[in-house]
Engineer: 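Just passing along the structure, written as structure tokens.
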There are 2 protein chains.
Amino acid sequence: MLDLGYNERRALEIIRADGPISRVELGRRLGVSAPTMTRMTATLTDQGLIREAQPIEPPEGRGRGKPSSMIDLDGDGLHSVGVFFDPDEMAVCVTDLRGNIRAERRHRLQSRQFDDLMRLASGTAEELLAEAGLDRERLVGCGISFPGHFSVDSGRLTRIPQFADWRAINAPGDFEPYFDMPVHHENDGKAAALNELYYGVGKRRDNFVLILLTYGIGGGIVLRRSLYRGAHRNAAEFGGIFPKSQPRPSGQDLCDLLSAGGVEVTRLVDIGAHHLDHPIVEQWTERAAEQLRLLVLMLARTVDPGEIVFGGSLPLALQERIRERLLAGELGEDFLVEAPEISVTGMSSMMHRGAATIPLYRTMTPGHYPGRALKGWR
Amino acid sequence: MLDLGYNERRALEIIRADGPISRVELGRRLGVSAPTMTRMTATLTDQGLIREAQPIEPPEGRGRGKPSSMIDLDGDGLHSVGVFFDPDEMAVCVTDLRGNIRAERRHRLQSRQFDDLMRLASGTAEELLAEAGLDRERLVGCGISFPGHFSVDSGRLTRIPQFADWRAINAPGDFEPYFDMPVHHENDGKAAALNELYYGVGKRRDNFVLILLTYGIGGGIVLRRSLYRGAHRNAAEFGGIFPKSQPRPSGQDLCDLLSAGGVEVTRLVDIGAHHLDHPIVEQWTERAAEQLRLLVLMLARTVDPGEIVFGGSLPLALQERIRERLLAGELGEDFLVEAPEISVTGMSSMMHRGAATIPLYRTMTPGHYPGRALKGWR
DNA sequence: ATCTTTTTGTTACATCATGAATATAAATAC
DNA sequence: GTATTTATATTCATGATGTAACAAAAAGAT
């Protein structure tokens with residue numbers, strides 16, 4: 001089916017991040033000649049992946065010479081299904097090549113059995129595809145994301161906290177029978193990091209770390225615009241830094257504290273604006289921020305990312321407070337080098353759109369091409 | 001001069017790691033066809049970078065068919081100068097393409113002035129090149145490494161601990177006038193990591209972290225066989241994790257403790273085997289290992305490297321004791337995923353050979369090619 | 001001993017993405 | 001209007017690649 005060359009992928013990546021963009025500017029950024037750009041844009045247009053953009057540019061500020069025609073991603077070029085679930089809910093969506101969500105649906109989970117979850121996911125996916133009326137030819141696949149770890153014999157998924165009743169999942173083999181399309185998966189943190197790469201921080205950074213605060217603590221690392229998985233696929237598993245027997249900066253910890261303190265909160269979504277000034281929440285925030293300061297310091301000194309993004313299902317205002325506390329104090333004693341920028345992301349769709357990003361990323365990233373050769377490099 | 005294609009660089013990397021190797025096996029690993037291998041090996045042989053290796057293979061174990069001829073790096077193909085210095089000494093060497101040290105010399109430092117250091121380095125380099133009798137045409141350049149940090153306006157070197165009398169160094173411009181060859185530099189940890197990549201752990205790992213214990217605490221991170229520098233060129237600056245006002249796992253800290261305890265030790269090299277059972281050293285080792293356990297845990301949970309290597313100028317036996325202590329206890333509570341392997345490297349030449357590796361790496365790595373395009377990818 | 005099979009490596013040729021040179025189009029400057 | 005500038009398209013030569021056919025060397029079968 002779709003077989004993109006290396007420079008074509010790089011071009012699409014630049015267009016995604018900075019489009020609309022002219023052929024000349026794109027060629028300059030890619031380091032290829034004008035004729036190559038003409039050809040490349042022609043074939044990408046033929047494939048329906050890009051199109052001429054509206055000439056919405058300001059008439060001011062143009063110099064002499066023929067005005068450039070701008071190209072941009074064609075949203076109808078490809079689409080992708082995303083499935084995210086956690087212990088509470090499932091969210092399914094269909095996104096297009098530009099990351100727009102064409103259709104989405106959320107379910108409260110009635111069952112956490114693997115079979116039930118997969119049936120619900122694939123059924124919903126088919127409904128959404130029908131609703132959105134999208135050409136199946138242009139569907140790159142389905143991405144699934146959920147909280148969980150990997151074990152070393154790669155693909156083997158184990159120890160999913162709230163899905164302990166699952167048998168050991170062997171991905172992608174165990175997912176595929178339920179879906180009439182290619183299936184890919186990543187854990188929640190890495191999928192959310194892909195969402196950031198395509199539609200968030202990635203617009204301004206090539207290296208960043210996402211710290212995802214949900215019931216647990218996870219995240220994803222993107223280096224050189226490529227999702228970094230680590231030797232055992234356990235990179236960015238920040239939860240393991242904070243012992244489960246101790247207070248830790250996780251949503252579960254906050255929920256437990258609140259319900260122990262007599263507040264009627266069992267799920268993260270139950271925490272509303274009126275809880276934010278509750279002393280338990282304030283204490284928790286203070287302590288969590290200090291714990292996260294250690295993590296941020298470690299990341300700054302090891303990975304040295306350009307930016308560290310906080311995201312997840314804690315209330316946005318709470319995440320903002322954590323950020324403020326982190327910025328208030330010193331990152332570490334003698335921190336004399338440049339500190340990463342710290343930001344908060346609040347996309348409500350980050351989880352399931354992140355899942356939908358997985359197949360797009362697999363299809364389009366110039367990161368690396370397993371098993372194939374780079375030819376013609378000079 | 002030398003202009004290597006992408007697949008040629010990949011080939012040289014595989015030959016370096018696993019050579020001698022047959023054309024067929026190399027082609028399989030690269031994912032290219034047999035004719036391409038014939039051509040590629042022919043051009044690389046013409047350029048003097050590879051040669052047929054002695055058929056030292058065991059006559060046993062061969063199946064039917066024409067026996068393969070093995071190719072290997074030609075040591076005479078390229079060479080490189082390495083300069084390392086720290087507050088105590090300078091070490092200069094000339095290495096060949098295979099990493100053999102053809103000539104080397106060490107100096108106790110009489111002066112730490114920039115000008116004096118550069119004159120000494122370049123003078124020694126010229127002497128060594130003359131001694132080794134190597135063709136200047138095949139010299140890729142000079143690599144310089146020393147302890148220090150970078151500041152963000154890249155190239156600007158600042159805050160070198162014991163070289164505080166230096167003005168701000170603007171690399172490579174400030175180095176080049178002293179040398180009659182291209183000059184590259186990295187700080188000590190990153191250069192030592194390159195040494196590991198080419199001649200140490202890199203033989204078995206694509207992802208690893210080097211923790212370098214000298215007077216300070218530094219290191220380097222190699223991901224996907226590529227030195228990772230971070231957004232501000234401060235990746236793997238582990239020293240900043242341990243506040244200078246507190247006891248920390250650095251050689252300086254140990255020296256200070258020893259001399260405060262009445263032991264005649266001012267430099268790390270003064271610490272000999274007879275000191276290892278001294279109670280101060282034993283206490284320091286115990287405490288340093290516990291501090292390093294935190295770092296190792298953080299690395300395992302963030303970077304997830306396949307292996308973590310300890311190296312540096314502490315006595316090897318001391319490093320081994322640290323390793324044993326780390327292995328003895330749990331890495332962290334609930335550490336349920338795969339832990340990185342932990343090893344100790346003891347190459348006495350790791351610092352200056354690491355420096356000499358910089359120009360080779362810049363010339364030969366397939367990692368990434370700034371400012372140039374990948375063409376012909378399909 | 002010789003013939004077959006297997007594996008390695010080479011040669012001839014077609015393919016395909018590329019850049020240089022050139023041409024064309026559309027705007028501003030004079 | 002004409003020259004200049006900038007963007008894009010077209011033509012053609014180049015260079016790295018893969019396919020197919022072939023040559024060479026060794027083990028095993030007869």
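Note that the structure is predicted; figures quoted are calculated from it, not measured. Here is the naming used below: chain letters follow the sequence lines, and residue numbers restart at 1 for every chain.
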Engineer: Rounded to the nearest angstrom, tell me the gap between atom OH in Y6(A) and atom C1' in dT18(C).
Structural biologist: 16 Å
Engineer: For R23(B) and dA24(D), give me the distance from atom CZ to atom C1', rounded to whole Å.
Structural biologist: 13 Å
Engineer: Which comes earlier along DNA chain C counting from the 5' end, the contact point of E25(B) or that of R39(B), where each point is its nearest nucleotide?
Structural biologist: E25(B)
Engineer: Go through the steps for E25(A) and R28(A) under the test salt bridge (charged side-chain N to carboxylate O under 4.0 Å, His left out), then give the verdict.
Structural biologist: CA-CA 5 Å; E25(A) 170 63 11; R28(A) 199 187 58 74; 3.0 Å; yes
Engineer: Mind listing the closest non-hydrogen atom pair of L197(A) and Y361(A) along with its distance?
Structural biologist: CD2-CE1, 4.0 Å
Engineer: Hey, is the side chain of S68(B) poking within less than 4.0 Å of OP1 or OP2 on dT8(C), counting only N and O atoms?
Structural biologist: no
Engineer: Please name the pair of heavy atoms, one in L227(B) and one in A193(B), separated by the smallest distance, quoted to 0.1 Å.
Structural biologist: CD1-CB, 4.2 Å
Engineer: Are the charged groups of R224(A) and D206(A) less than 4.0 angstrom apart, N to O?
Structural biologist: no
Engineer: May I have the distance from E52(A) (atom CD) to dT8(D) (atom C1'), rounded to whole angstrom?
Structural biologist: 10 Å
Engineer: Five pairs at each end of the helix from dA1(C)-dT30(D) to dC30(C)-dG1(D): take the axis at both ends and give me the angle between them to 10°.
Structural biologist: 0°
Engineer: Test R39(B) against E8(B) for salt bridge (charged side-chain N to carboxylate O under 4.0 Å, His left out), laying out the working first.
Structural biologist: CA-CA 11 Å; R39(B) 266 187 306 267; E8(B) 285 171 339; over 6 Å; no
Engineer: Over how many whole Å does the gap from R28(B) atom CZ to dG9(C) atom P extend?
Structural biologist: 13 Å
Engineer: Does a nitrogen or oxygen in the side chain of S69(B) sit under 4.0 Å from OP1 or OP2 of dT8(C)?
Structural biologist: no
Engineer: Would you mind reading off the distance between E8(A) atom CD and dC16(C) atom C1', rounded to a whole angstrom?
Structural biologist: 12 Å
Engineer: Among L73(A), L134(A), L49(A), find the one that has a side-chain contact (heavy atoms from CB on, under 4.5 Å) with L78(A).
Structural biologist: L49(A)
Engineer: L30(B) has an atom CG; how far is it from atom P of dA16(D), in whole Å?
Structural biologist: 16 Å
Engineer: Under a 4.0 Å threshold between the charged nitrogen and the carboxylate oxygen, would R229(A) count as salt-bridged to D304(B)?
Structural biologist: no
Engineer: Show your reasoning for whether salt bridge (charged side-chain N to carboxylate O under 4.0 Å, His left out) applies to D18(A) and R29(A).
Structural biologist: CA-CA 11 Å; D18(A) 297 337; R29(A) 304 247 322 244; 2.7 Å; yes
Engineer: Quickly work out the L4(A) CG to dA17(C) C1' distance and round it to whole Å.
Structural biologist: 15 Å
Engineer: Nearest to the side chain of S22(B), which nucleotide is it out of dG9(C), dT11(D), dT8(D)?
Structural biologist: dG9(C)
Engineer: Can you give one letter per nucleotide of nucleotides 22-30 of chain C, going 5' to 3': B for a protein heavy atom under 4.0 Å from the base, S for sugar-phosphate only, - for none?
Structural biologist: ---BBBBS-
Engineer: Would you mind reading off the distance between M37(B) atom CE and dT8(C) atom C1', rounded to a whole angstrom?
Structural biologist: 12 Å
Engineer: With respect to the phosphate group of dA9(D), does any side-chain polar atom (N or O) of T38(A) fall under 4.0 Å of OP1 or OP2?
Structural biologist: yes
Engineer: Is E196(B) paired with R353(B) through a side-chain N to carboxylate O contact shorter than 4.0 Å?
Structural biologist: no
